[in-house]
Amino acid sequence: MGEGSLILYLITFYEEKNFQGRSYECMSDCSDMTSYLSRCQSCRVESGCFMVYDRTNYMGSQYYMKRGEYSDYQNMLGMRDCIRSCRMIPMHRGQFRMKIYENENFGGQSHEMMDDCDNIMDRYRMNDCQSCNVMDGHWLMYEQPQYRGKQMYMRPGEYRSFRDMGMSGMRFMSMRRIMDSCN
């Protein structure tokens with residue numbers, strides 16, 4: 001890298017808790033970390049934001065990580081398994097826009113959102129969200145109101161069925177924009 005260039009995304013994974021053991025630096029998406037580390041029990045986000053997953057190929061439970069140290073993320077985040085894959089969350093500047101739907105395949109009542117929503121039941125009288133279309137920005141969806149519970153990272157695109165994405169039985173009740181606070 002040339003002088004003056006800037007590393008926008010960097011996460012370092014460690015085999016052991018407290019940043020011990022072998023490490024692996026990652027600056028982009030990684031679909032299978034098991035080829036680099038046999039296990040991962042701590043990590044440090046130097047810059048940028050990442051989603052980490054407890055299964056390869058961006059599957060399983062998801063966790064949002066911003067800049068900081070996670071010396072024992074399994075206890076800190078309530079994870080049962082090691083991180084197996086990670087995805088970089090690109091910075092988005094500009095407006096945020098997402099349309100949420102009550103049913104799969106964009107059915108039922110729908111609402112367009114441009115800002116965070118801490119409870120879709122209170123705001124829209126929707127008791128479920130099963131599909132969505134993300135037009136602008138990157139979003140985190142949460143299983144419970146007030147941005148709690150299991151998370152799902154949504155990039156721009158159409159999501160016809162959360163059940164087909166391995167989220168069977170989950171309801172998403174709050175949504176938050178991933179803002180520029182990742183640095």
Side-chain angles (χ1 to χ4, degrees), residues 9-19 21 23-46 48-90 98 100-101 104 116-120 127-132 134 137-179 181-182:
Y9 304 93
L10 177 60
I11 186 169
T12 306
F13 298 98
Y14 299 86
E15 278 188 330
E16 308 294 338
K17 295 175 183 175
N18 300 312
F19 319 112
S23 65
Y24 169 63
E25 283 190 351
C26 186
M27 296 172 64
S28 61
D29 296 353
C30 180
S31 64
D32 186 357
M33 287 181 30
T34 58
S35 55
Y36 304 105
L37 297 175
S38 59
R39 67 175 181 265
C40 172
Q41 297 194 353
S42 60
C43 66
R44 182 179 281 131
V45 180
E46 307 286 349
C49 298
F50 292 83
M51 285 307 288
V52 297
Y53 304 79
D54 64 5
R55 298 210 177 123
T56 59
N57 297 312
Y58 320 114
M59 300 295 286
S61 296
Q62 310 179 21
Y63 302 89
Y64 173 68
M65 292 189 161
K66 58 184 179 180
R67 187 174 179 181
E69 296 191 338
Y70 302 85
S71 59
D72 179 6
Y73 67 79
Q74 288 172 308
N75 282 333
M76 293 169 77
L77 302 175
M79 284 182 82
R80 279 179 261 139
D81 296 310
C82 291
I83 295 171
R84 302 278 186 225
S85 56
C86 76
R87 180 166 268 157
M88 178 190 81
I89 302 175
M98 172 171 65
I100 59 172
Y101 297 85
E104 293 183 343
D116 300 349
C117 176
D118 64 1
N119 190 329
I120 64 170
N127 61 5
D128 210 349
C129 174
Q130 290 294 317
S131 57
C132 75
V134 178
H138 298 258
W139 298 73
L140 277 180
M141 298 181 77
Y142 295 82
E143 139 183 83
Q144 298 170 20
Q146 308 298 326
Y147 318 115
R148 293 191 325 265
K150 290 186 177 176
Q151 306 169 2
M152 185 164 66
Y153 168 47
M154 309 303 284
R155 304 188 293 179
E158 293 186 344
Y159 300 88
R160 294 186 168 277
S161 170
F162 298 153
R163 185 173 41 88
D164 290 351
M165 296 169 63
M167 300 291 170
S168 187
M170 277 186 65
R171 301 164 74 183
F172 291 100
M173 301 303 294
S174 54
M175 297 84 186
R176 170 180 277 167
R177 299 163 294 164
I178 300 177
M179 305 291 279
S181 60
C182 297

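Computed from a predicted structure; not experimentally measured. By convention here, the first residue in the shown sequence is residue 1.
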Which heavy atom of Cys129 sits nearest a heavy atom of Ile100, and at what distance?
SG-CB, 3.8 Å
Side-chain contact, heavy-atom cut-off 4.5 Å: Tyr64 with Cys49?
yes
For the side chain of Asn119 and the backbone of Pro145, is there at least one donor-acceptor N/O pair under 3.5 Å apart?
no
Given Met88 and Ile11, is the side-chain contact (heavy atoms from CB on, under 4.5 Å) satisfied, shown in steps?
CA-CA 9 Å; Met88 178 190 81; Ile11 186 169; over 6 Å; no
About how many Å separate CE of Met51 and CG of Leu140, when rounded to the nearest 0.5 Å?
5.0 Å
Is it true that Glu15 and Arg39 have a side-chain N and a carboxylate O under 4.0 angstrom from each other?
no
Give the minimum heavy-atom separation between Lys150 and Phe172, together with the two atoms involved.
O-CE2, 4.5 Å
Can you see which heavy atom on Arg67 is nearest to which on Glu46, and at what distance?
NE-O, 3.2 Å
Shortest non-hydrogen pair, Tyr53 vs Met59, comes out as CB-O, 3.3 Å
Indicate yes or no: at least one non-hydrogen side-chain atom of Glu25 is less than 4.5 angstrom from one of Met27.
no
What do the steps show when you test Arg44 against Glu69 for side-chain contact (heavy atoms from CB on, under 4.5 Å), and what is the final call?
CA-CA 5 Å; Arg44 182 179 281 131; Glu69 296 191 338; 2.9 Å; yes
Met65 vs Ile83, test: side-chain contact (heavy atoms from CB on, under 4.5 Å). Steps then yes/no.
CA-CA 12 Å; Met65 292 189 161; Ile83 295 171; 4.2 Å; yes
For Phe50 and Cys86, the nearest pair of non-hydrogen atoms, with its separation, is CD2-SG, 4.4 Å
Is it the case that the side chain of Tyr36 and the backbone of Asp32 share a donor-acceptor pair, with hydrogens and angles ignored and the cut-off at 3.5 Å?
no
In the structure I gave you, are the side-chain heavy atoms of Val45 and Tyr70 within less than 4.5 Å of one another anywhere?
yes
Can you tell me how far CD of Glu104 sits from OG of Ser131, rounded to the nearest 0.5 angstrom?
7.5 Å
About how many Å separate CZ of Phe13 and CE of Met33, when rounded to the nearest 0.5 Å?
4.5 Å
To the nearest 0.5 Å, how far apart are SG in Cys117 and CE in Met98?
8.5 Å
Tell me whether the guanidinium CZ or amine NZ of Arg87 lies under 6.0 angstrom from the six-membered ring centre of Tyr153 and within 45° of its axis.
no
Working to the nearest 0.5 Å, report the span between CG of Leu37 and SG of Cys43.
11.0 Å
Determine whether Arg155 and Val134 make a side-chain contact, defined as any pair of heavy atoms from C-beta on separated by less than 4.5 Å.
no
Please report the shortest heavy-atom distance between Cys30 and Cys26, naming the atom on each side.
CB-SG, 4.0 Å
Go through Asp164 and Tyr159 one step at a time and tell me if the side-chain contact (heavy atoms from CB on, under 4.5 Å) criterion holds.
CA-CA 9 Å; Asp164 290 351; Tyr159 300 88; over 6 Å; no
I need the Ser31 OG to Arg84 CZ distance, nearest 0.5 Å.
13.5 Å
For the pair Tyr147 and Tyr142, name the ring-plane relationship: parallel under 30°, tilted 30 to 60°, perpendicular over 60°.
perpendicular
Is Ser23 reaching over with its side chain to a backbone N or O of Tyr14, donor-acceptor style, under 3.5 angstrom?
no
Within the supplied structure, the quantity of interest is the number of heavy atoms (other residues, nucleotides, ligands) at a distance under 6.0 Å from Arg55 CZ; does it exceed 12?
no
Just wondering, do Gln144 and Met173 contact through their side chains at under 4.5 Å, heavy atoms?
no
